[in-house]
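These notes are about the structure you will find just below.
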Amino acid sequence: MKRIWSDNKYVDLLVDLLLFLTGINFLHYGQLILPVICFILFLDRGMKFRVNDPFVFVILCLFAVSFYAFSIKDFYCVMGFTLPMAYYIGSNMKYPDEKNVREMIYLLALAMGLHVILNGIFEFIVHGSHGFFFSSTHYDIWTREKISNTATAINIDLILGCLYYLIFHEKDKRMKTVSLIVFSLSMFYLLVIGRRTPIMILGLSAILSFLYETFVLKKGSAALKRSFLLALVFIAFLVALVFMVYSLNLFDLRETLQTIHIIRKFSEGLLGNERFGLYISALKLMPSHLWGGSKISSILGIEVHDFWLDVYDHAGIITYLLMMVYSFVFVKDIYRLLKSAKISSDFKILMTGVIASIVVQLFLEPVMSGASLFLLVGIIIHALFERLIYEQ
């Protein structure tokens with residue numbers, strides 16, 4: 001049996017299990033599982049240190065120190081130190097090939113999706129159907145405390161990015177079935193709690209995957225193109241129908257539709273009308289607050305909904321520039337992956353959707369301060385496909 005992380009089957013299984021627990025954010029401390037995985041891999045490598053690119057590792061280490069030094073000293077100020085750990089883990093897949101990388105992406109995506117489902121089950125059992133369908137307050141399975149809808153919804157992004165590939169290209173029927181069940185249940189819960197962003201991310205990642213396959217790779221059967229376009233037309237028709245019924249109050253249904261949280265949210269706009277204005281306001285405040293300390297968000301009265309501006313707000317310009325360097329390397333590696341003649345077309349299609357889901361979310365939410373686990377998973381995936389490029 002081919003291993004992924006180690007020649008020792010027990011070590012291999014243990015790393016998989018710990019990564020699953022990380023994805024599911026076990027006991028709400030998924031980030032703190034990463035040091036354990038690093039230690040196991042370090043011992044398994046005979047205490048020899050290796051990473052894909054020492055330069056990237058050093059940049060992430062400097063980012064961690066800078067983030068700790070300049071941000072407000074709360075519990076999350078140490079989360080920066082888990083970024084180089086995530087990069088180390090992804091760099092140490094012992095047998096990097098497309099199948100193994102794909103399986104790890106699936107493992108993380110399903111674990112994160114399962115966290116969403118568990119939150120929904122917990123909420124339905126404890127707070128009943130009224131709280132489940134109509135309450136604006138929602139809870140986390142691990143802490144049993146209130147959690148923001150965004151922090152819950154962000155866990156479905158990876159499976160959204162995989163969905164196009166799963167439907168049209170995945171040959172493992174069991175994996176396809178399990179993934180579609182997890183997607184359906186988690187998406188249902190997110191619609192119930194009124195999340196709009198996952199719908200946009202699903203649409204963008206699927207459309208980009210389709211366009212990349214059709215016009216760049218020049219692949220895709222006529223049946224696939226027909227099926228995808230019909231699905232888009234059906235969804236557009238359904239959205240238009242609901243909008244018409246709501247706007248014109250046909251059959252006096254507007255009041256009934258307003259009780260459905262997701263309909264009410266969409267009536268406010270796709271992302272909220274105030275978001276762009278807050279972004280511009282944050283940009284204007286940047287020159288006056290160079291050293292972090294969450295001064296910008298304090299002035300605005302809300303966190304900046306953008307990953308890079310969130311880093312700037314919390315830890316200042318030095319930390320921001322370090323993250324910009326890492327982001328440049330990330331973009332460069334995406335280009336290398338998609339241009340590589342040694343990487344299969346199917347894998348490129350999968351990664352197009354996955355990368356799109358990660359990048360779009362980074363532009364929309366304060367990931368560093370609000371959902372750092374999502375960022376860590378993104379860095380693990382980056383290191384995995386970067387290692388694949390190096391090994392080809």
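Sequence positions, counted from 1, serve as the residue numbers for this chain. Quick caveat, the model's predicted, so the values are computed rather than measured.
A ring-centre distance under 6.0 Å is found for Trp142 and Phe26.
Taking the side chain as every heavy atom from C-beta outward, Lys94 and Arg45 approach each other to under 4.5 Å. Between Phe168 and Ile349 there is no side-chain heavy-atom pair separated by less than 4.5 Å. The side-chain heavy atoms of Ile105 and Val101, taken from C-beta on, include a pair separated by under 4.5 Å. Using a 4.5 Å heavy-atom cutoff, the side chains of Leu114 and Phe20 are in contact.
Proximity of a side-chain donor or acceptor of Asn25 to a complementary backbone N or O of Gly30 within less than 3.5 Å is detected. Remark: side-chain polar atoms of Ser340 are not paired, donor with acceptor, to backbone N or O of Arg336 under 3.5 angstrom. Although no hydrogens or angles enter the test, the distance criterion places no donor-acceptor pair under 3.5 Å between the side chain of Ser66 and the main chain of Leu62. Using a distance-only test at 3.5 Å, with no hydrogens or angles considered, no donor-acceptor pair links the side chain of Thr82 to the main chain of Met85. Judged by distance alone, with hydrogens and angles left aside, the side-chain atoms of Tyr87 form a donor-acceptor pair with the main-chain N or O of Asp53 at under 3.5 Å. In this structure a side-chain-to-backbone donor-acceptor pair under 3.5 Å is present from Asn52 to Ala383. Tyr212 places no side-chain N or O within 3.5 Å of a backbone atom of Leu217 that could act as its donor or acceptor partner. Side-chain atoms of Asp313 do not come within 3.5 Å of backbone N or O of Val304 as any donor-acceptor pair. With hydrogens and angles ignored, the 3.5 Å screen pairs a side-chain donor or acceptor of Arg387 with a backbone N or O of Met93. In this structure, Asn155 contributes its side chain and Gly113 its backbone to no donor-acceptor pair below 3.5 Å.
Note that the CG atom of Leu118 and the CD1 atom of Ile24 stand 5.0 Å from one another [nearest 0.5 Å]. Note that NZ of Lys219 is 10.5 Å distant from NZ of Lys348, once rounded to the nearest 0.5 Å. Rounded to the nearest 0.5 angstrom, Leu18 CG and Ile89 CD1 are separated by 9.0 Å. Rounded to the nearest 0.5 angstrom, Leu191 CG and Arg196 CZ are separated by 12.5 Å. Here the straight-line distance linking atom CD1 of Ile334 with atom NZ of Lys339 works out to 14.5 Å at 0.5 Å rounding. Between Asp16 atom CG and Leu108 atom CG the span is 9.5 Å, to the nearest 0.5 Å.
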Q. Could you walk me through whether Tyr88 and Phe49 pass the ring pair (Phe, Tyr, Trp, His ring centres under 6.0 Å) check?
A. CA-CA 9 Å; Tyr88 177 83; Phe49 179 83; 5.5 Å; yes
Q) Can you check ring pair (Phe, Tyr, Trp, His ring centres under 6.0 Å) on Phe122 and His138, steps first, answer last? A) CA-CA 10 Å; Phe122 170 73; His138 302 283; over 10 Å; no
Q: Would you please test Tyr139 and Asn119 for side chain to side chain contact (heavy atoms under 4.5 Å, CB included) and show each step?
A: CA-CA 7 Å; Tyr139 299 85; Asn119 282 0; over 6 Å; no
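Side-chain contact check for Asp140 and His115: at least one donor-acceptor pair (N or O, by modelled atom type) lies under 3.5 Å. Looking at His28 and Glu145, their side chains never bring a donor and an acceptor atom within 3.5 Å of each other. Remark: the Arg195 side chain and the Thr152 side chain contain no N/O donor-acceptor pair separated by less than 3.5 Å. Side-chain polar atoms of Tyr320 and His314 form no donor-acceptor pair below 3.5 angstrom.
Checking each of Glu213, His169, Glu170 against Tyr164 for a side-chain hydrogen bond (donor to acceptor under 3.5 Å, both in side chains) leaves exactly one that passes, namely Glu213. The one candidate from Leu110, Leu166, Ile159 that meets the side chain to side chain contact (heavy atoms under 4.5 Å, CB included) condition with Phe183 is Ile159. Between Met323 and the choices Trp308, Phe328, Tyr312, the side chain to side chain contact (heavy atoms under 4.5 Å, CB included) rule is met once, by Trp308. When each of Asp12, Asn100, Asp7 is paired with Tyr95, the side-chain hydrogen bond (donor to acceptor under 3.5 Å, both in side chains) condition holds for Asp7 and for no other.
Residue pairs meeting the ring pair (Phe, Tyr, Trp, His ring centres under 6.0 Å) criterion with at least one partner in residues 335-358, sequence neighbours excluded, do not occur; the list is empty.
Taking a 6.0 Å sphere around NZ of Lys332, one finds it holds more than 12 heavy atoms contributed by other residues, nucleotides or ligands.
In the hydrophobic cluster analysis, where Ile, Leu, Val, Met, Phe, Trp and Tyr join through side-chain heavy atoms closer than 4.5 angstrom, Phe215 is grouped together with Leu337. No path of Ile, Leu, Val, Met, Phe, Trp and Tyr side chains, each step under 4.5 Å between heavy atoms, connects Ile125 with Ile147, placing them in separate hydrophobic clusters. Hydrophobic clustering, with ILVMFWY side chains joined whenever heavy atoms are under 4.5 angstrom apart, groups Phe385 together with Ile59.
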Please list every donor-acceptor pair under 3.5 Å in which a side-chain atom of residues 362-378 meets a protein atom from a residue at least two apart or in another chain.
| residue | atom | partner | partner atom | Å |
| --- | --- | --- | --- | --- |
| Ser369 | OG | Glu303 | OE2 | 3.2 |
| Ser369 | OG | Asp310 | OD1 | 3.0 |
| Ser369 | OG | Asp310 | OD2 | 3.0 |
| Ser372 | OG | Gln31 | NE2 | 2.8 |

